[in-house]
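Predicted, not measured: the structure shown is a model, and the values here were computed from it.
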Amino acid sequence: LNATIRGHILFDDPHVPENWGGAPVDYEDIDSAASYSRQLFPSMAVGVAAPASFLIGGAPYAKLDFCLTDYNTSMGSFGAHIASELSAADAADLGILFNLDVAGLEGGQPMTAYQVLFWGKELVCEPSTLGVLMGTYDSTYFADPAIRSAVRRVVGAASYGIFEDIQCGTAMK
């Protein structure tokens with residue numbers, strides 16, 4: 001087993017005022033924290049768990065490398081949301097990592113196996129995406145054999161570049 005630390009996430013949801021004393025975290029504070037992290041860990045990527053569409057307001061950043069952007073079914077069209085976040089990350093000169101709220105625990109409805117498979121595959125095939133997370137864990141949701149199969153196929157595509165019967169570029173939006 002080869003373990004790798006890919007990066008350091010500085011803030012979780014800095015755009016959510018309730019999490020930070022009634023106001024979003026200031027962009028200057030995010031950039032300052034990224035600079036400090038870089039002093040401690042010079043070669044480690046530095047990120048923030050926030051949408052690119054929020055972080056673009058403070059761009060350009062001196063030391064921030066990536067953002068972690070969520071998607072759940074309450075956010076509307078998958079394709080439109082992902083395209084918007086990819087565009088914002090590009091404009092802010094940030095890498096982007098996606099988190100699919102597959103079990104619907106953070107908002108929206110649980111994703112179907114079909115959605116997990118095709119949306120997961122769409123993100124895995126997107127060249128600008130640094131990676132895909134599937135959170136938050138729910139034992140009942142992941143007990144479904146169809147869900148487990150969809151997750152295995154997405155992991156296979158991400159790990160080995162194989163997507164059995166589906167080609168990149170043909171996923172459902």
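Residues Val102 and Pro110 fail the side-chain proximity criterion, which asks for heavy atoms closer than 4.5 Å. Using a 4.5 Å cut-off on side-chain heavy atoms (C-beta onward), Asp90 and Ser128 make no contact. Trp20 is not listed as a side-chain neighbour of His15, based on a closest heavy-atom distance of 4.5 Å or more. Annotation: side chain of Val116 is in contact with side chain of Met134 (closest heavy-atom distance under 4.5 Å). Side-chain atoms of Leu100 and Leu123, non-hydrogen and from C-beta on, do get closer than 4.5 Å to each other. Looking at heavy atoms from C-beta onward, Leu64 lies in side-chain contact with Ile30 at the 4.5 angstrom threshold. Contact check for Val46 versus Phe66: no side-chain heavy atoms found under the 4.5 Å cut-off. The shortest side-chain heavy-atom distance between Glu85 and Ser53 falls under the 4.5 Å cut-off.
The two residues Asp65 and Met44 come nearest to each other via the heavy atoms OD2-O, 4.1 Å. Closest approach of Gly107 to Ser74, counting heavy atoms only: C-OG, 4.2 Å.
A chain of hydrophobic side-chain contacts below 4.5 Å, direct or via other Ile, Leu, Val, Met, Phe, Trp or Tyr residues, connects Ile96 to Val132. Both Phe142 and Val155 belong to a single network of hydrophobic side chains, linked directly or stepwise wherever heavy atoms of I, L, V, M, F, W or Y lie under 4.5 Å apart. Hydrophobic clustering (side-chain heavy atoms under 4.5 Å, transitive across Ile, Leu, Val, Met, Phe, Trp, Tyr) groups Tyr61 together with Val25. Hydrophobic cluster membership is shared by Val124 and Phe78, with clusters built from Ile, Leu, Val, Met, Phe, Trp and Tyr side chains linked at under 4.5 angstrom.
Residue Thr112 holds its OG1 atom at 10.0 Å from CG of Asp144, rounded to the nearest 0.5 Å. The line from OG of Ser35 to CG of Leu40 is 11.0 Å long, rounded to the nearest 0.5 Å. To the nearest 0.5 Å, the span separating CD1 on Ile56 from SG on Cys67 amounts to 10.0 Å. In this structure, Leu105 CG and Asp138 CG are separated by 5.0 Å, a value rounded to the nearest 0.5 Å. Distance CG/Leu133 to CG/Asp101: 11.5 Å, rounded to 0.5 Å. A distance of 9.0 Å separates CD in Gln39 from NZ in Lys63, rounded to the nearest 0.5 Å.
Within the 3.5 Å criterion, the main-chain N or O of Arg38 finds no donor-acceptor partner in the side chain of His8. Between the side chain of Asp31 and the main chain of Ala62, a donor-acceptor pair closer than 3.5 Å is present. No side-chain donor-acceptor contact under 3.5 Å links Arg153 to the backbone of Leu117. At least one donor-acceptor pair closer than 3.5 Å links the side chain of Thr73 to the backbone N or O of Gln109. Between the side chain of Tyr141 and the backbone N or O of Met111 there is at least one donor-acceptor pair closer than 3.5 Å.
Here Ala33 pairs with Leu10, Phe11 under the side chain to side chain contact (heavy atoms under 4.5 Å, CB included) rule; sequence neighbours left out.
Environment of CZ in Arg6: sparse, with no more than 12 heavy atoms of neighbouring residues, nucleotides or ligands closer than 6.0 Å. At most 12 non-hydrogen atoms from other residues, nucleotides or ligands lie less than 6.0 angstrom from OH of Tyr36. More than 12 non-hydrogen atoms from other residues, nucleotides or ligands lie less than 6.0 angstrom from CG of Asn19.
When each of Asp12, Ile9, Asp13 is checked for a side-chain contact (heavy atoms from CB on, under 4.5 Å) with Leu68, only Ile9 meets the rule.
The distance between the ring centers of Trp119 and Tyr71 falls below 6.0 angstrom. For Tyr27 and Phe54, the distance between ring centers is under 6.0 angstrom.
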